Amino acid sequence: MTQNIYDKPEFFEGYSNMRRSVLGLEGAAEWPAVRALLPDLSGKRVVDLGCGFGWFSRYAVERGAAGVLALDISEKMIARANADNGHAAITYQISDLEHLQLPKAAFDFAYSSLALHYIENFAQVIATIHCSLVPGSQFVFTIEHPIYMAPTRPTWTTDAEGRRIWPLAGYSLEGSRTTDWLARGVVKQHRKLGTTLNTLIGAGFAIRHVEEWAPNAEELAANPDWAEELDRPMFLLISAER
């Protein structure tokens with residue numbers, strides 16, 4: 001079973017106060033880049049994997065999606081999604097993505113935001129998603145970038161000359177990483193970039209776009225504190241086709 005860190009009171013409180021939680025999609029730094037990857041959602045049957053507060057699920061139905069199946073392991077997340085982003089066309093369900101089960105050829109689009117880096121059995125989950133999509137469908141997802149994920153202590157440090165550096169270590173050693181983020185003992189699953197891409201290809205997906213997110217000049221002018229994102233990528237955005 002995937003670690004359900006989001007239902008821990010201290011984690012949920014901290015997450016609830018994050019910019020992306022308060023402002024929704026527009027509060028996520030990477031959202032403009034993600035939005036550019038999305039297909040026309042009109043009439044599409046959508047599955048939202050790790051839906052959180054349901055911001056994307058509501059976005060999808062507001063842009064004409066026929067229906068959304070929104071899954072998350074967290075009872076607190078699903079409760080908030082129903083309360084704040086409920087809609088007749090959205091079905092919110094508690095589900096452990098580590099053991100994901102989806103009907104075959106039931107969806108026209110799959111989406112996941114910052115959830116799949118918690119999954120240990122990534123290959124099985126990707127195979128399940130592939131089977132659940134009809135031919136020609138797209139799968140767009142984001143995860144923490146493996147360069148960001150690899151260190152056991154993912155925080156900036158300084159070298160002997162006082163320069164800020166990212167402590168990249170153990171990149172080729174795939175597997176669990178336990179860090180303290182909003183709560184102690186958060187477990188994530190580090191995979192090399194090649195492993196992520198080859199798993200998609202092996203499942204039958206065609207890679208359409210890969211983006212190692214960094215702010216553009218306009219975003220940087222509006223958010224000068226994002227300058228550190230130019231020194232190492234935090235997010236990996238991928239679009240694949242069934």
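Scope of the values below: all heavy atoms of this structure, side chains included, with no hydrogens, waters or symmetry mates. Everything quoted here is computed from the prediction, not taken from an experiment.
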Pick one: which of M149, R177, H190 meets side chain to side chain contact (heavy atoms under 4.5 Å, CB included) with H117?
M149

Do the side chain of [X] and the main chain of [Y] share a donor and acceptor less than 3.5 angstrom apart?
X    : Y    : value
R45  : A106 : yes
E120 : E98  : no
S57  : V68  : no
D108 : S137 : no
N121 : H99  : no
W226 : A29  : no

Give, for atom [atom1] of [X] and atom [atom2] of [Y], the distance between the pair rounded to the nearest 0.5 Å.
X    : Y    : atom1 : atom2 : value
I207 : L200 : CD1   : CG    : 4.5 Å
T142 : M234 : OG1   : CE    : 11.0 Å
I126 : C131 : CD1   : SG    : 11.5 Å
K192 : S172 : NZ    : OG    : 4.5 Å
F53  : I78  : CZ    : CD1   : 11.0 Å
I129 : Q124 : CD1   : CD    : 10.5 Å

Working for side chain to side chain contact (heavy atoms under 4.5 Å, CB included), residues L41 and Y111
CA-CA 11 Å; L41 296 173; Y111 177 82; over 6 Å; no

Taking all non-hydrogen atoms of both residues into account, name the closest pair between [X] and [Y] and its distance.
X    : Y    : value
A89  : V61  : CB-CG1, 3.8 Å
I90  : A70  : CG2-CB, 4.2 Å
Q138 : L37  : NE2-O, 3.7 Å
L97  : A115 : CD1-CB, 4.4 Å
A214 : L230 : CB-CD2, 4.2 Å
A81  : G54  : CB-N, 3.9 Å

Side-chain heavy atoms nearer than 4.5 Å, only ILVMFWY residues, links allowed to pass through others: does that put [X] and [Y] together?
X    : Y    : result
W166 : L173 : no
V210 : L237 : yes
I165 : I147 : no

Side chain to side chain, [X] and [Y], heavy atoms closer than 4.5 Å:
X    : Y    : value
D84  : W55  : no
F141 : L49  : no
E212 : H145 : yes
F235 : Y148 : no
T196 : F122 : yes
L25  : V34  : no
R153 : P167 : no
F139 : H130 : no

Step by step, would you call N85 with Y59 a side chain to side chain contact (heavy atoms under 4.5 Å, CB included)?
CA-CA 9 Å; N85 289 307; Y59 174 90; over 6 Å; no

Could you give me the CA-CA distance, side-chain angles and deciding distance for V134 and R242, then say whether side chain to side chain contact (heavy atoms under 4.5 Å, CB included) is met?
CA-CA 7 Å; V134 298; R242 162 73 159 87; over 6 Å; no

Under a plain distance cut-off of 3.5 Å, with no hydrogens placed, do W156 and E228 share a side-chain donor-acceptor pair?
yes

Under a 3.5 Å cutoff, is there a donor and acceptor pairing between the side chains of D40 and S42?
yes

Is it true that, when you exclude R164 itself, more than 12 heavy atoms of the residues, nucleotides or ligands shown sit nearer than 6.0 Å to its CZ?
yes

Parallel, tilted or perpendicular for W31 and F56, by the 30°/60° rule?
perpendicular

Hey, mind stepping through L102 and L71 against side chain to side chain contact (heavy atoms under 4.5 Å, CB included) and telling me if it holds?
CA-CA 11 Å; L102 295 171; L71 307 176; 4.1 Å; yes

